[in-house]
Protein chains: 2
Amino acid sequence: MSAEAEEPRRHRLTRAEAKARTRELLLEAAARTFARKGFAGASVEEIAAEAGFTVGALYSNFAGKEELFLQLMSGRARDRVSSTAEVLAGEYPTDRDRWTALGQQMIDVADKDMDIAPLQAEFWLYAVRHPEAMETFRAQLGQRRAPLERLIGEGLERGRYPDDLPGRVATVVSALFQGMVRQRRIDPDNVSAELYGDALRWLFTGLEVCESRPAGDEAAEAGDG
Amino acid sequence: MSAEAEEPRRHRLTRAEAKARTRELLLEAAARTFARKGFAGASVEEIAAEAGFTVGALYSNFAGKEELFLQLMSGRARDRVSSTAEVLAGEYPTDRDRWTALGQQMIDVADKDMDIAPLQAEFWLYAVRHPEAMETFRAQLGQRRAPLERLIGEGLERGRYPDDLPGRVATVVSALFQGMVRQRRIDPDNVSAELYGDALRWLFTGLEVCESRPAGDEAAEAGDG
DNA sequence: GTCTATAAACAGATAGAC
DNA sequence: GTCTATCTGTTTATAGAC
C-alpha cells in the first residue's frame with residue numbers, strides 16, 4: 001500500500017517487513033503447537049521448527065516462551081476465526097431456520113479450525129493459574145462477546161426488555177456454545193448441529209416469555225410471589 | 001511371621017491397607033497438583049511431595065505420571081464432588097425459587113472446590129490430544145450426566161415430550177453450566193448466581209413452549225412456518 | 001513399601017558465527 | 001536476523017539401601 005520511504009520493495013522485503021513476517025509465522029506456528037501440545041508441553045524448538053526456523057529466530061523476536069504465549073493471548077482474537085457475530089449476521093426466512101442455520105454454522109466453524117477450542121482452553125487454564133494474565137484473557141473474551149451482544153440487542157426490540165439483558169444473554173449464549181463445542185469433541189453423537197439450534201430456540205423463546213413486557217411500560221412488573 | 005490372616009489390624013493397618021491408603025493419598029495429591037500445574041507442568045516429585053512421600057512411593061504404586069493421570073480420569077467422578085443431580089435434588093416452593101436456588105448451589109459447588117474445573121479442562125485437553133483416552137473421559141462425563149438426565153426426565157411429564165428430550169436437555173444444561181463456570185472464573189461480575197437461575201428459567205420455559213404437546217397426542221405437531 | 005542416589009534425556013535460554 | 005553450539009537446570013525413571 002504505502003511506500004515506506006522511496007524504494008519500499010526493490011528486491012523483496014525490507015528488513016523490518018522480513019522480521020515482521022517471521023514474527024507472524026512464529027505466532028501462527030505457536031498457535032498450532034500450543035493447541036497440539038499445550039503451553040507446558042510445547043517446546044520452543046518445536047514451535048520454531050513448525051514455523052520453519054530454529055530457536056534463534058524465536059528468541060530474536062520474543063523474550064521467551066511465556067511472552068510468545070501471552071502475545072498470542074492478547075493478539076487479535078477475530079482476524080483468525082470468523083467471530084460468533086459474523087455467523088449470526090446471516091439472514092434466514094424464519095426464526096426456526098435461523099436457529100437451525102446458526103447451529104449448523106457454529107458446528108462448521110468449530111469443526112473447521114479444530115485448534116481454537118484447545119487453544120482457548122490453554123488460555124483459560126493459564127489465566128486461572130496466573131491471575132496477572134487474567135485481565136488479558138478477559139479482554140480477548142470481551143472482543144468475542146461484544147459483537148454478539150450487539151446483535152442480540154438488535155434482535156430484542158428496545159423498550160420491551162431490560163437494558164442489561166443483551167449483555168446477560170450474550171454471556172449465556174457464549175457459555176452455551178463453548179460448553180457444547182467442548183462436549184462435541186468428546187461425544188459428537190450427543191451434540192448434533194440440530195441440538196445447537198434447538199438450544200437457542202428454547203433459550204430465546206423462554207426469554208420472550210419470561211422477560212418481555214408490554215411496549216411502553218417503563219417499569220418492569222415482577223409478577224412473582 | 002505375620003498375623004495378618006487372623007489378626008487383621010493388631011496394631012494399625014495391614015500392609016495392603018497401608019498401600020491402598022498411600023495410593024489414595026497419591027491420587028488426591030495428583031488431583032490437586034494437576035489442577036494447579038497441569039498434566040505436563042506437574043512433576044512426579046511435586047505430586048509425591050504433595051502427598052507426603054517421595055518419588056519412590058509413587059513409582060511403587062503407579063507405572064508413571066501418565067498412568068497416574070489416567071487412573072484419576074477413569075476414577076470415581078462423583079465421590080469427590082457433589083454431582084449436579086444432588087444439587088438438583090433439593091425441593092423448592094416455586095419454579096422461580098427452584099431455578100434461583102439451583103443457580104446459587106451451582107456457584108457454591110464451583111466456588112467451593114476450585115480445582116475441579118481446571119482438572120476437568122486438563123482431562124478434556126488430554127482426551128482431545130490422545131484419542132485412545134477419549135472413551136475413558138466420555139465415560140466419566142456420562143457418569144456426571146446420567147443422574148442429571150434422569151432428574152430432567154422426571155421433571156418433564158412423560159408423554160408430553162419426546163422420549164429423547166431429557167438426554168438432549170441434559171447435554172444442553174451440562175454444557176451451559178460448564179461454560180458458565182469457566183467464564184465466571186474470568187469474569188465473576190458478568191456471571192452472577194442470578195444469571196445461572198435466569199438461564200435455566202429461560203431454557204425450561206422455552207422448552208415447554210416449543211416441545212410440549214397436548215397429552216395423548218402421539219405425533220408432535222410442528223407449528224412453525 | 002518407601003527412600004536415597006543416580007542415570008539419561010530434555011527443557012529454556014544465551015553467546016558467538018555468519 | 002537467523003543459525004549453531006553450549007550451558008544450566010529440571011525431568012522421568014530406575015537401582016539399591018533400609
Side-chain angles (χ1 to χ4, degrees), chain A residues 4 8-30 33-34 36-73 122 126 129-130 133, chain B residues 1-5 8-30 33-34 36-72 122 126 129-130:
Chain A
E4 248 139 276
R9 53 179 80 90
R10 193 175 38 177
H11 285 100
R12 288 178 158 272
L13 272 61
T14 66
R15 289 177 77 84
E17 283 172 338
K19 180 158 189 176
R21 183 168 170 278
T22 298
R23 192 188 149 87
E24 207 53 39
L25 288 172
L26 283 167
L27 280 168
E28 288 169 15
T33 311
F34 283 136
R36 200 165 59 243
K37 298 288 199 71
F39 173 68
S43 72
V44 287
E45 188 170 8
E46 208 173 355
I47 295 170
E50 170 86 22
F53 300 95
T54 56
V55 281
L58 193 153
Y59 279 97
S60 158
N61 283 277
F62 300 92
K65 186 164 84 160
E66 197 151 23
E67 206 223 60
L68 176 52
F69 184 78
L70 289 172
Q71 289 290 322
L72 207 57
M73 193 194 284
E122 287 292 332
Y126 188 92
R129 290 166 184 158
H130 304 81
Chain B
M1 280 247 196
S2 69
E4 261 132 52
R9 53 178 77 91
R10 193 177 38 179
H11 287 98
R12 286 178 159 273
L13 273 61
T14 66
R15 288 176 76 88
E17 282 170 339
K19 179 157 190 178
R21 183 167 170 278
T22 297
R23 192 187 150 89
E24 206 53 40
L25 288 172
L26 283 167
L27 280 168
E28 289 168 16
T33 310
F34 283 135
R36 199 165 60 243
K37 298 287 199 75
F39 172 68
S43 72
V44 287
E45 188 170 9
E46 208 173 356
I47 296 170
E50 170 86 21
F53 300 94
T54 57
V55 282
L58 192 153
Y59 279 98
S60 158
N61 282 277
F62 300 93
K65 185 163 85 160
E66 198 150 22
E67 205 222 61
L68 176 52
F69 184 78
L70 289 171
Q71 289 291 321
L72 208 56
E122 287 293 330
Y126 189 93
R129 290 166 185 158
H130 303 82

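By convention in this document, chain letters (A, B, ...) are assigned in the order of the sequence lines, proteins followed by strands, and residues within each chain are numbered from 1. Reckoned from all heavy atoms, side chains included, excluding hydrogens, waters and symmetry mates.
- When atom types are taken as modelled, the side chain of Thr33(A) and the backbone of Ala29(A) share a donor-acceptor pair closer than 3.5 angstrom.
- Look at CG on Leu26(A): it is 8 Å from P on dT2(D), rounded to the nearest Å.
- When distances run from any side-chain atom of Phe53(B) to the nucleotides dG1(D), dT2(C), dC3(D), the shortest one goes to dT2(C).
- Test Leu27(A), Thr22(A), Leu26(A) against Glu24(A) for side-chain contact (heavy atoms from CB on, under 4.5 Å) and you get one pass: Leu27(A).
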What nitrogen or oxygen pairs link the protein and nucleotides 7-13 of chain C at under 3.5 Å?
unit_1	atom_1	unit_2	atom_2	d
dG12(C)	OP1	Ala42(A)	O	3.3
dG12(C)	OP1	Lys65(A)	NZ	2.8
dG12(C)	OP2	Val44(A)	N	3.0
dA13(C)	OP2	Tyr59(A)	OH	2.8
dA13(C)	OP2	Lys65(A)	N	3.3
dA13(C)	O5'	Tyr59(A)	OH	3.4

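- No more than 12 heavy atoms of other residues, nucleotides or ligands sit less than 6.0 Å from atom CD of Glu45(B).
- Rounded to an integer number of Å, the gap from Asn61(A) CG to dC3(D) P is 10 Å.
- Residues Glu122(B) and Arg129(A) approach most closely at OE2-NH2, 2.8 Å, considering heavy atoms.
- One can place CZ of Phe62(A) at 16 Å from P of dT14(C), the figure rounded to the nearest angstrom.
- If you measure from atom CZ of Arg21(B) to atom C1' of dT2(C), you get 14 Å, rounded to the nearest angstrom.
- We find that CZ of Arg23(A) is positioned 14 Å from C1' of dG1(D), with the value rounded to whole Å.
- Within the structure, the ring-ring contact (aromatic ring centres under 6.0 Å, His included) test picks out the following pairs touching residues 40-71 of chain B (sequence neighbours left out): Phe34(B)-Phe69(B), Phe39(B)-Phe69(B), Phe69(B)-Phe123(B), Phe69(B)-Tyr126(B).
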**Prompt:** Which dot-bracket string fits DNA chain D when only Watson-Crick or G-U wobble pairs with both atom distances under 3.5 Å count, crossing pairs get [ ], and | stands for a partner on a different strand?
**Reply:** |||||||.||||||||||
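- Dense packing is recorded around CD of Glu67(A), with more than 12 heavy atoms of other residues, nucleotides or ligands lying under 6.0 Å away.
- Of all heavy-atom pairs between Gly41(A) and Ala40(B), the closest is N-CB, 3.7 Å.
- Between Val55(A) and Ala48(A), the shortest heavy-atom distance links the atoms N-CB, 3.8 Å.
- Summarising the geometry, the separation between CG on Leu13(B) and P on dG1(C) is reported as 13 Å, rounded to the nearest angstrom.
- Taking only side-chain nitrogens and oxygens, Thr22(A) never comes nearer than 4.0 Å to OP1 or OP2 of dG1(D).
- Taking only side-chain atoms of Arg15(B), from C-beta outward, the nucleotide of dG1(C), dT2(C), dG1(D) with the closest atom is dG1(C).
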**Request:** Verify side-chain contact (heavy atoms from CB on, under 4.5 Å) between Lys19(B) and Ser60(B), making sure each step is shown before the conclusion.
**Result:** CA-CA 9 Å; Lys19(B) 179 157 190 178; Ser60(B) 158; 4.1 Å; yes
